[in-house]
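Encoded as structure tokens, the structure appears first; notes follow it.
Quick note: numbers below take in every heavy atom, side chains included, and nothing from hydrogens, waters or symmetry partners. Every chain is numbered from 1, with letters handed out A, B, ... down the list of sequences.
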Amino acid sequence: MPELPEVEVTRQQLQQYVAGSVIEHVEVAEPKILDSPEMLQRLSEISNIHITSCERRGKLLLIHLENTDILAIHRRMAGNLTLLARNVPNELYTRAVFYLLAPNGAEQKLLYSDPRKFGRIGVYHPGELTQKLALLGPEPLQDDFTDAALKHAIGTANRPIKTILLDQSKIAGIGNIYADESLFIAGIHPERYSHSLTDIEIHTLRMAIATTLTSALKHAGTTFGRHKDLFGSAGRNLDYLQVYQRDGLPCKICGNVIQRIRVAQRSTRFCPECQK
DNA sequence: CTATAAACCTGCTGGC
DNA sequence: TGCCAGCAGGTTTATA
């Protein structure tokens, strides 16, 4: 479900509305969503600890705590975070509850809900995540994501370009929606072998990725299933998508029918006219 | 190294 | 209306 823009929406809201709160205690309703069984113990040890800040790396949320621990949340396909007052009932599929006390004294709770139980939560001591984070590629919305950086990410690999975009170790945060959208904006066919891209195409693709992600973020992400912000509002980006979920419909640019194929085991939409 | 398939889970949609 | 097949925004692991 959530890709970089959706996770970033959540991060910004956590930073604004949850940083500074105290975690009074944590309830885990479904241990399957923990990174490992030991995390049950770790979660019990962060009671009465302040949340200091919230960071994002790729699709991973990193909630920093006063004691230097890091609460890491990955929503995978269907996970979502919701901030509620304590007296409001939990929503369906709630898998974990963080009971929070806001600086102004408000008693809140942060729900992690996830019908498919694919998402993962863990608590890490300083340094324990370093190796894992080092496996992620560059952040595509950061200044250092240059043409050279994208070229380096592609490296010597010769695989369909969409495969590279989805590979979190090459570029962090792009998923199926924004891979298809970026390739459409760049006018590049998803099955084009990465080797065959010219420097100009690499530049165009790099710009297309930034444009696509920035636009999605501006619209608070894409909601066609479960992605909602902390307060339950849907993202508005669905209306702005060019190809994703539009197979069989006319291309918004040229009118040709958007096609659907399989690339890297994933449904892939593209315009056969606009993408060569 | 790459590529593919399966696994993890459950809900939803479309076709018959 | 009911049932079944297929699909879903992600990642990991096993197998060629």
Can you see if the side chain of [X] gets near the phosphate of [N] - specifically, an N or O under 4.0 Å from OP1 or OP2?
{"X": "A/Lys59", "N": "C/dT11", "answer": "yes"}
{"X": "A/Thr163", "N": "B/dA3", "answer": "no"}
{"X": "A/Arg262", "N": "C/dG6", "answer": "no"}
{"X": "A/Lys32", "N": "B/dC8", "answer": "no"}
{"X": "A/Arg266", "N": "C/dG10", "answer": "yes"}
{"X": "A/His74", "N": "C/dT11", "answer": "yes"}
{"X": "A/Tyr244", "N": "C/dG9", "answer": "yes"}

* With side chains defined as the heavy atoms from C-beta onward, is the minimum distance between A/Glu3 and A/Leu213 less than 4.5 Å? ->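 A side-chain contact is absent here, since even the closest heavy-atom pair is not under 4.5 Å.
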* Is a donor on one side and an acceptor on the other found under 3.5 Å between the side chain of A/Thr223 and the backbone of A/Gly221? ->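 Side chain of A/Thr223 to backbone of A/Gly221: no pair is present.
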* Sticking with atom P, work out how far B/dC9 lies from C/dC4, rounded to a whole angstrom. =>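 Taking atom P in both B/dC9 and C/dC4, they lie 23 Å apart.
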* To do: Quote, to the nearest angstrom, the P distance that separates C/dT11 from B/dG11.
  =>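 Nearest-Å result for C/dT11 against B/dG11 at atom P: 22 Å.
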* Which word best sums up how the rings of A/His25 and A/Tyr99 line up, parallel for under 30°, tilted for 30 to 60°, or perpendicular for over 60°? -> parallel
* A/Leu100 and A/Phe231: same hydrophobic cluster, using ILVMFWY side-chain contacts below 4.5 Å? ->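 Yes, A/Leu100 connects to A/Phe231 through the hydrophobic network.
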* Is it true that atom CD1 of A/Ile200 has more than 12 heavy atoms of other residues, nucleotides or ligands lying nearer than 6.0 Å? -> no
* Determine, for A/Asp147 against A/Arg206, whether the closest basic-nitrogen to carboxylate-oxygen distance falls under 4.0 angstrom. => yes
* Assign a letter to each nucleotide of nucleotides 11-16 of chain B from its 5' end: B, base within under 4.0 Å of a protein heavy atom; S, sugar-phosphate only; -, no contact. => S-----
* To do: Provide the Watson-Crick or G-U wobble partner of C/dA5, both distances under 3.5 Å; none if there is no partner.
  =>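 Looking at the geometry, C/dA5 pairs with B/dT13.
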* Contact residues, residues 183-198 of chain A to DNA chain B [heavy atom, < 4.0 Å] ->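 The stretch gives none, as no residue of it lies under 4.0 Å from the strand.
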Between the protein and nucleotides 4-6 of chain B, list the N/O to N/O atom pairs that are separated by less than 3.5 angstrom.
| unit_1 | atom_1 | unit_2 | atom_2 | d |
| --- | --- | --- | --- | --- |
| B/dA5 | OP2 | A/Gln265 | NE2 | 2.7 |

* Asked: What distance do A/Cys271 atom SG and A/Asp247 atom CG have between them, rounded to the nearest 0.5 Å?
  ->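 CG of A/Asp247 is found 12.5 Å from SG of A/Cys271.
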* Per A/Ser267 side chain, nearest of listed nucleotides C/dC7, C/dG10, B/dA3 -> C/dC7
